[in-house]
Q: 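Provided herewith is a single structure, encoded as structure tokens, for subsequent inquiry.
Below, each value reflects all heavy atoms present in this structure, side chains not excepted, and no hydrogens, waters or symmetry copies. Source: prediction; values computed, not measured.
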Amino acid sequence: MASGREIKTKIKSVQNTRKVTSALQMVSASKIRKAQDLMSASRPYAHSMRNVISHLAHANTEYKHPYLVQREEVGKVAFVVISTDRGLCGGLNANLFRKLLGHVRQWQDKGVEVEMVAIGQKAVQFFRRIKGVKLIGTATQLGERPRLERLIGVIKVVLDAYDSRDIDRVFLCYNDFVNTMSQNPRVDALLPLSMAAAEIESGDEHDRVHASIASDRQYQWDYLYEPDAQTVLDHLMQRYIESLVYQSVLENLASEQAARMVAMKSASDNASNLIDELTLIYNKARQAAITQEISEIVGGAAAV
């Protein structure tokens with residue numbers, strides 16, 4: 001059994017760790033409300049954009065935008081993966097990466113090349129170590145109030161590659177915020193938009209951002225464009241991609257704060273349990289030492 005001094009040192013060390021985890025828990029609890037407010041404020045716009053895109057995907061448009069056309073042959077796909085910049089948030093990033101790697105292997109088994117755009121320091125560090133995956137764009141340190149201007153660069157990299165037919169499919173990977181205790185890793189189709197529209201229609205009724213859209217598909221209709229269809233759709237498609245990526249960043253940010261709060265609470269509880277166990281061991285060791293000293297005194301007195 002360890003000595004009393006060693007056990008007291010361990011108890012002190014665990015107590016210091018508990019102070020850190022408790023502080024991180026309280027910080028995340030204070031930040032999660034702001035993150036949820038940002039996420040909730042942007043959801044109506046993102047939802048409306050997906051409504052319009054879903055309608056366009058089924059409309060008889062006079063101008064067929066390249067993003068609406070699904071290419072038959074797929075030679076290369078790209079994944080836009082959104083992670084956190086910091087750790088200590090449980091298995092949030094690990095669960096997302098595990099699901100994403102399953103999709104990556106499926107495409108690689110078909111002989112399709114895979115490229116990656118990493119948003120968040122953890123994704124950059126992870127996919128730099130993965131063989132067979134090319135990292136073509138990164139964005140890190142977005143902060144607690146992400147701004148769209150920081151994302152436009154990596155979004156343009158993907159759109160330019162798709163426009164030049166260097167990439168045939170684009171997928172968006174992030175953690176979808178459900179509630180404080182639940183965050184779901186998602187891999188959604190981003191381009192072509194016909195695949196994204198199909199996913200929207202198959203979404204469950206509880207999915208707020210990707211909710212299914214009810215519309216009259218039996219009619220051949222189209223919007224009225226001003227000044228012309230190509231100008232409007234070119235601008236709309238770019239705004240749609242930007243809004244969807246930005247909304248996913250906010251979803252991931254809220255998921256990060258919730259996951260960190262839960263993880264730090266669990267760590268604090270575990271530290272408290274460990275302190276109780278070590279205190280019990282310390283008391284037993286001290287009692288054994290006192291008993292041994294008493295036995296030695298009694299033995300010495302009897303010998304005299």
Side-chain angles (χ1 to χ4, degrees), residues 1-37 39 82-101 120-130 140-145 175-185 251-304:
M1 181 180 293
S3 65
R5 180 175 297 178
E6 293 176 350
I7 297 174
K8 289 186 68 176
T9 301
K10 290 181 180 179
I11 292 175
K12 186 65 175 178
S13 176
V14 176
Q15 287 175 338
N16 292 335
T17 301
R18 184 175 61 178
K19 290 179 181 179
V20 174
T21 56
S22 298
L24 289 174
Q25 177 189 345
M26 290 186 288
V27 169
S28 296
S30 65
K31 289 181 178 180
I32 189 173
R33 175 55 57 188
K34 297 178 182 178
Q36 285 180 308
D37 290 342
M39 176 189 64
I82 301 172
S83 70
T84 67
D85 285 316
R86 296 175 296 173
L88 299 177
C89 49
L92 187 72
N93 293 316
N95 293 335
L96 178 64
F97 296 159
R98 188 181 302 112
K99 183 171 185 177
L100 176 55
L101 287 177
Q121 190 65 37
K122 294 299 179 180
V124 174
Q125 294 174 352
F126 182 82
F127 287 102
R128 276 178 176 169
R129 303 193 302 265
I130 301 299
T140 59
Q141 307 301 329
L142 298 179
E144 298 172 7
R145 298 183 65 90
N175 287 289
D176 186 32
F177 181 85
V178 180
N179 53 53
T180 304
M181 301 300 297
S182 179
Q183 302 85 37
N184 294 333
E251 295 276 345
N252 200 82
L253 177 62
S255 299
E256 175 189 357
Q257 300 298 343
R260 181 172 293 116
M261 183 180 67
V262 173
M264 292 301 100
K265 184 181 185 305
S266 178
S268 299
D269 294 341
N270 291 337
S272 297
N273 294 335
L274 183 57
I275 289 172
D276 293 340
E277 294 176 4
L278 290 173
T279 301
L280 181 60
I281 295 173
Y282 171 74
N283 291 336
K284 289 181 179 179
R286 187 179 61 175
Q287 184 178 7
I290 294 173
T291 302
Q292 182 179 359
E293 291 178 1
I294 293 175
S295 298
E296 291 174 355
I297 293 172
V298 173
V304 173

Q: Answer whether the closest heavy-atom distance between the side chains of Y282 and K10 falls below 4.5 Å.
A: no
Q: Using a strict cut-off of less than 4.0 Å between a Lys/Arg side-chain nitrogen and an Asp/Glu carboxylate oxygen, indicate whether K34 and E144 qualify as a salt bridge.
A: no
Q: Taking all heavy atoms of R129 and all of Q125, pick out the closest pair and write down the distance.
A: NH1-O, 3.1 Å
Q: So, taking the atom named OG in S30 and the one named CD in Q257, what distance separates them when rounded to the nearest 0.5 Å?
A: 8.0 Å
Q: About how many Å separate CG of L253 and CD of Q36, when rounded to the nearest 0.5 Å?
A: 10.5 Å
Q: For K99 and N95, what are the C-alpha separation, side-chain angles and deciding distance, and is it a side-chain contact (heavy atoms from CB on, under 4.5 Å)?
A: CA-CA 6 Å; K99 183 171 185 177; N95 293 335; over 6 Å; no
Q: Is there a donor-acceptor pair closer than 3.5 Å between any side-chain N or O of K122 and the backbone N or O of S83?
A: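 Flag not set: sc K122 to bb S83 has no pair under 3.5 Å.
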Q: Counting neighbours of CD on Q287 that are heavy atoms of other residues, nucleotides or ligands and sit closer than 6.0 Å, is the number greater than 12?
A: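 Count not over threshold, so no.
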Q: Anything under 30° is parallel, anything over 60° is perpendicular, the rest tilted; go ahead and classify F97 against F126.
A: parallel
Q: What's the separation between atom CG in N93 and atom CD1 in I82, rounded to the nearest 0.5 Å?
A: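 N93 atom CG to I82 atom CD1 measures 11.5 Å (nearest 0.5 Å).
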Q: By the definition side chain to side chain contact (heavy atoms under 4.5 Å, CB included), identify the one residue from I32, L92, D85 that meets it with E256.
A: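 Single pass found, and it is L92.
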Q: Of the non-hydrogen atoms in N175 and S255, which two are nearest, and what is the gap between them?
A: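 Scanning both residues, the minimum pair turns out to be O-OG, 3.3 Å.
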Q: Which heavy atom in A35 sits nearest to a heavy atom in A254, and how many Å separate them?
A: CB-CA, 3.8 Å
Q: Determine the minimum heavy-atom distance between M39 and E251, stating which atoms define it.
A: SD-OE1, 3.4 Å
Q: Can you tell if the side chain of K31 reaches within under 4.5 Å of the side chain of R260, non-hydrogen atoms only?
A: no
Q: Calculate, to the nearest 0.5 Å, the distance between atoms CG and CG belonging to N184 and N179 respectively.
A: 9.0 Å
Q: Sequence neighbours left out, what passes side-chain hydrogen bond (donor to acceptor under 3.5 Å, both in side chains) with D269? Give chain and number order.
A: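 D269 satisfies side-chain hydrogen bond (donor to acceptor under 3.5 Å, both in side chains) with K265 once adjacent residues are dropped.
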Q: Enumerate the residue pairs fulfilling side chain to side chain donor-acceptor pair (under 3.5 Å) with a member in residues 272-281, sequence neighbours excluded, ordered by first and then second residue.
A: R18-S272
Q: Any side-chain heavy-atom pair from Q15 and I11 closer than 4.5 angstrom?
A: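 Of all side-chain heavy-atom pairs linking I11 with Q15, at least one is under 4.5 Å.
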Q: Within the 4.5 Å heavy-atom criterion, are M264 and S28 side-chain neighbours or not?
A: no
Q: To the nearest 0.5 Å, tell me how far L101 CG sits from I130 CD1.
A: 5.5 Å
Q: Which atoms form the tightest heavy-atom contact between I7 and A285, and what is the distance?
A: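 Shortest heavy-atom separation between I7 and A285 comes out as CD1-CB, 4.2 Å.
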